[in-house]
Amino acid sequence: MKVAVFSAKPYDREYLHAANVAEGHQLDFFDVPLDTDTVGLAAGHGAVCIFVNDVADAAVLNELRAGGTSLVALRCTGFNNVDLGAAASLGMKVVRVVTYSPNSVAEHAVALLLAVNRKIHRAYNRTRDFNFSLDGLMGFDFCGKTVAVVGTGKIGRVFARIMLGFGCEVIGYDAFPTPEFEALGGRYAQPGEIGASADIISLHCPLTPQTYHIIDADALARAKPGALLVNTSRGGLLDTEAAIDALQNRQLGGLALDVYEQEADLFFRDLSSTIVADDVMQRLVSFPNVIVTGHQAFLTREAVSTICQTTLRSVTEFESGLALTNEIKA
Ligand code: NAD
């Protein structure tokens, strides 16, 4: 099947080519993201393969359908960027990668937390300049602290397991609690408990209308003073401007982000030689207790390999008229 791959990075090409040996599709790679300006590139392709910041809203899906596309294959887990209702009404199928390596994201969340707590980013810069002063690098022990996991799904549970290994008490919040979280040694929080007792809050729920700005000014005001917040899920879960206020008034002790509300305009490209017009990001990165990575939590060999294999397997299932293992329905 002809597949138009949007937002294609070198690692996408390498791992999709490797996975395609078993599937035999025609892959056409486009560096640009899918949106209303670029959708014409997909004409004549039965499937498009897209990533987190590609746009598959009703307008784009309409044009895709008119150009002969009937499958949207997301090479990621989240699908907040696809209008599933519009896809269904156009008779288009949507597939995603339900699970690849929850370890990749959970481990990255832990890496960010350790870095922001122990000021590794600052120490790295200092020691490269032969500045071995320890002033301002004080952190706290994770052992014995309370960690809140918001979204106790696949990634949240791996994260919980790692933090339990540090000797933390792990409390959870989920719209659909699961005994698997409790079996690990976590327990679901009482109302108000996360704000009152969590030293660390980590976000692992999907971005939906219900979870948009789940961490807003009110939630931050209720948080334990000095708490660390890490978001490796989706930028829209956090009201970034409210987080900046909470950092400024010292309510938030540190912030670690792999995702950002306005990331579509910034992430996955080198803007180091340009003047970036995003004032919110400019303010964020100016804080010594903020660390940002550019949506790289998934980027391990194991995860990307599985993502590419699963995505192309889904295309093969679709082409062969088989049941779609990873279909998402409206
Ligand atoms: P999952 O479906 O296994 O878990 C999500 C959990 O969130 C579920 O337990 C679900 O019940 C819960 N949830 C749903 N609505 C909720 C609500 N309103 N309030 C509280 N909890 C709610 O998904 P997962 O594989 O663990 O992935 C979680 C998220 O991680 C994805 O949705 C995606 O946004 C993000 N992600 C990020 C990266 C990255 O590279 N940064 C990579 C993969 C996934």
Side-chain angles (χ1 to χ4, degrees), residues 7 9 11-12 15 50-54 74-82 84 94 96-113 148-163 170-184 186 188-189 191 193-195 198 201-216 219 229-238 256-261 263-264 266-268 291-308 310-311 326-329:
S7 300
K9 300 295 176 199
Y11 51 82
D12 292 311
Y15 281 79
I50 63 172
F51 194 50
V52 291
N53 291 323
D54 291 299
L74 288 146
R75 55 180 190 280
C76 55
T77 305
F79 50 88
N80 48 285
N81 51 337
V82 180
L84 294 178
V94 183
R96 65 173 175 142
V97 183
V98 175
T99 184
Y100 45 94
S101 168
N103 306 309
S104 63
V105 182
E107 288 173 13
H108 192 74
V110 176
L112 286 176
L113 264 178
V149 181
V150 178
T152 56
K154 292 179 289 298
I155 296 169
R157 290 199 299 275
V158 175
F159 176 81
R161 185 164 44 73
I162 298 170
M163 298 313 288
V170 176
I171 58 176
Y173 168 71
D174 199 297
F176 307 95
T178 165
E180 290 172 64
F181 172 69
E182 293 168 312
L184 287 171
Y188 284 102
E193 190 183 0
I194 289 182
I201 301 171
S202 193
L203 306 182
H204 298 289
C205 57
L207 178 61
T208 64
Q210 293 73 39
T211 61
Y212 176 72
H213 283 186
I214 194 169
I215 303 293
D216 59 8
L229 176 65
V230 57
N231 185 7
T232 55
S233 195
R234 283 292 180 269
L237 298 177
L238 173 66
L257 299 178
D258 185 53
V259 288
Y260 169 58
E261 282 186 277
E263 69 176 52
L266 298 178
F267 284 9
F268 306 117
I291 185 165
V292 178
T293 52
H295 208 136
Q296 72 174 73
F298 71 98
L299 198 66
T300 66
R301 286 191 293 273
E302 294 79 1
V304 176
S305 179
T306 307
I307 288 169
C308 292
T310 306
T311 303
N326 295 304
E327 181 173 4
I328 329 165
K329 292 184 177 159

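Since the model is a prediction, treat every value here as computed from it, not as a measurement. Positions are given from 1 along the sequence. Remember, it's 1-based here, ligands and their atoms both numbered in the order they're listed.
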Would you please determine whether T211 falls within less than 4.0 Å of ligand 1 on a heavy-atom basis?
yes
Check each atom of ligand 1 against the heavy atoms of A297 and keep those under 4.0 Å away; list them by number with element.
39 (C), 40 (O), 41 (N)
Min heavy-atom dist S233 to ligand 1 below 4.0 Å
yes
Ligand 1 versus D174, non-hydrogen atoms closer than 4.0 Å: side chain, backbone, both, neither?
both
Would you name the heavy atoms of P177 and D174 that are closest together and state the gap between them?
CD-O, 3.6 Å
Shortest protein contact, atom 42 (C) of ligand 1 (heavy atom only):
Y100 OH, 2.8 Å
Distance filter under 4.0 Å to H295 heavy atoms, resulting ligand 1 atoms
39 (C), 40 (O), 41 (N)
Where is the nearest protein heavy atom to atom 28 (C) of ligand 1: which residue, which atom, and how far?
H204 O, 3.3 Å
Of the choices V105, D258, T232, I307, which has the non-hydrogen atom that lies closest to atom 37 (C) of ligand 1?
T232
How far is atom 19 (N) of ligand 1 from its nearest protein heavy atom, and which residue and atom name does that atom have?
Y173 CE2, 3.6 Å
Any side-chain heavy atom of P102 within less than 4.5 Å of one from H204?
no
Given that the side chain starts at C-beta and the backbone is N, CA, C, O, which of these parts of F159 lies under 4.0 Å from ligand 1, counting heavy atoms, or is it both or neither?
neither
With C205 as partner, the option from V149, L237, T152 fulfilling side-chain contact (heavy atoms from CB on, under 4.5 Å) is L237
Just need the protein heavy atom nearest to atom 2 (O) of ligand 1, so name the residue and atom and give the distance.
K154 NZ, 3.9 Å
How does Q296 reach ligand 1, by side chain, by backbone, by both or by neither, if only non-hydrogen atoms under 4.0 Å count?
neither
Around atom 27 (O) of ligand 1, find the nearest protein heavy atom and jot down its residue, atom name and distance.
I155 CD1, 3.3 Å
So, do F298 and F51 have ring centers that fall under 6.0 Å from each other?
yes
Closest to atom 40 (O) of ligand 1 among protein heavy atoms sits F298 N, 3.2 Å
Shortest protein contact, atom 14 (C) of ligand 1 (heavy atom only)
P206 CD, 3.6 Å
Among non-hydrogen protein atoms, atom 21 (N) of ligand 1 lies closest to A175 N, 3.4 Å
